[in-house]
Amino acid sequence: MPFPVHRPRRLRSADAIRKMVRETHLTPDDFIYPVFVTPGKGVRKKIVSMPGCFQMSADEIVKEAQKVHKLGIPAIILFGIPERKDERGSEAYSPKGIVQKTVRAVKDKVPGLVVITDVCMCEYTSHGHCGVVKEGRVLNDPTLELLAREALSHAKAGADIVAPSDMMDGRVAAIRDALDAGGFDDVPIMSYAAKYASAFYGPFREAAESTPAFGDRRSYQMDPANRREAIREVALDIEEGADIVMVKPAMSYMDIISDVKETFEVPVAAYNVSGEYSMVKAAAKLGWIDEMKIVMEILTSIKRAGADLILTYHAVDAVKELNK
Ligand code: PBG
């Protein structure tokens, strides 16, 4: 007869005791802050569907990087919105590309901040798909060479970690080969290993101007209905040389985060994506939820599920809350 001997409420009776038995603690070190770089100078343009987020020019990103670093957030992940888009996304791997320029500027001014670059084609291609398109199909193998060139150009610019988000088969191996051949064998790869074809990316596509011009991404991103397939995707990426593996999105995919953490030994990242962020912002604006309480609960839950690292647009607010 467990009750009345067992009373779990005993350990909840006072804040001091609750703190002692708390299993999950968020720290600033958990966070990676995503930022969007756009051409120009002094540009800080609101992203309507993501209140509190901006498209910023490189000089503004440097200021943002200084702020983020001062707060104790260890890393940013950089997304580029190029001046020109074309069929083959050539701005993605140009040494003078927007991401390459911004990486150099940030590493010059804030060398202690870890700069991660998103490696993908969708922001740079005129059709908005994550690879080479032929006759309405996204081709896998011809895309690998472009992704490898893009990752190498990011490393040459000074990126500390590269993060392929395209979901082409074999891209981690292709990128690892290119980095090693270029003398960047010490640059880690954080792969978007289990990335689902999710409607939660909607606001990001406004932010990064990367909505596909036709069709959708279901021929390369994963089916939200699949759980075991995530293990296969992650295993392949680790075999190919991924140093950190990511599950994306986070909130509706906590089972996947948990499975990946249980199954593998490498660090696990989870991406608390744009749609997850915007829903919180919208409900808070309507006065229906307590924004910061919800944010801290969500982030704690993502960590509790198994994430070692959390990519989140809430990072700055969350760290301010932790520092209170
Ligand atoms: C690029 C990319 C996307 C996101 C990160 N990298 C969009 C997509 O796959 O369509 C989504 C991030 C977010 O929604 O916050 N491939």
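Start at 1 and go down the list; that is how both ligands and their atoms are numbered.
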Under a 4.0 Å heavy-atom limit, does [X] contact ligand 1 with its side chain, its backbone, both, or neither?
X: Asp166; value: neither
X: Cys122; value: side chain
X: Tyr277; value: neither

Q | Ser274-ligand 1 polar pair, N/O distance under 3.5 Å | A | yes
If you round to the nearest 0.5 Å, how far is [atom2] of [Y] from [atom1] of [X]?
X: Met121; Y: Arg88; atom1: CE; atom2: CZ; answer: 8.0 Å
X: His129; Y: Glu87; atom1: NE2; atom2: CD; answer: 11.0 Å
X: Asp118; Y: Asp166; atom1: CG; atom2: CG; answer: 9.0 Å

Within ligand 1, which atoms have a heavy atom of [X] less than 4.0 Å away?
X: Tyr271; value: 12 (C), 15 (O)
X: Ser165; value: 1 (C), 2 (C), 6 (N), 16 (N)
X: Phe79; value: 5 (C), 6 (N)
X: Arg205; value: 8 (C), 10 (O)

Q.
Checking Thr38 against Lys45 for the side chain to side chain contact (heavy atoms under 4.5 Å, CB included) test, could you report, in this order, the C-alpha distance in whole Å, the side-chain angles of both residues, the deciding distance, and whether it holds?
A. CA-CA 9 Å; Thr38 194; Lys45 193 172 154 226; 5.9 Å; no
Q) Hey, does Met167 sit under 4.0 Å from ligand 1 if you only count heavy atoms? A) no
Q) Is Lys195 positioned over the aromatic face of Tyr271, cation under 6.0 angstrom from the ring centre and no more than 45 degrees off axis? A) no
N/O donor-acceptor pair under 3.5 Å between [X] side chain and [Y] backbone:
X: Asp308; Y: Val268; answer: yes
X: Gln221; Y: Met167; answer: no
X: Ser153; Y: Pro95; answer: no

Can you tell me which residue and heavy atom of the protein come closest to [atom], and the distance to 0.1 Å?
atom: atom 12 (C) of ligand 1; result: Phe204 CD1, 3.3 Å
atom: atom 15 (O) of ligand 1; result: Tyr313 OH, 2.6 Å
atom: atom 4 (C) of ligand 1; result: Lys248 NZ, 2.5 Å

Q. Hey, quick one: are Val245 and Leu236 part of the same hydrophobic cluster, counting side-chain heavy atoms closer than 4.5 Å, chains of contacts allowed?
A. no
Q.
Given Lys195, Glu276, Glu123, Met246, identify the one with the heavy atom nearest to atom 16 (N) of ligand 1.
A. Lys195
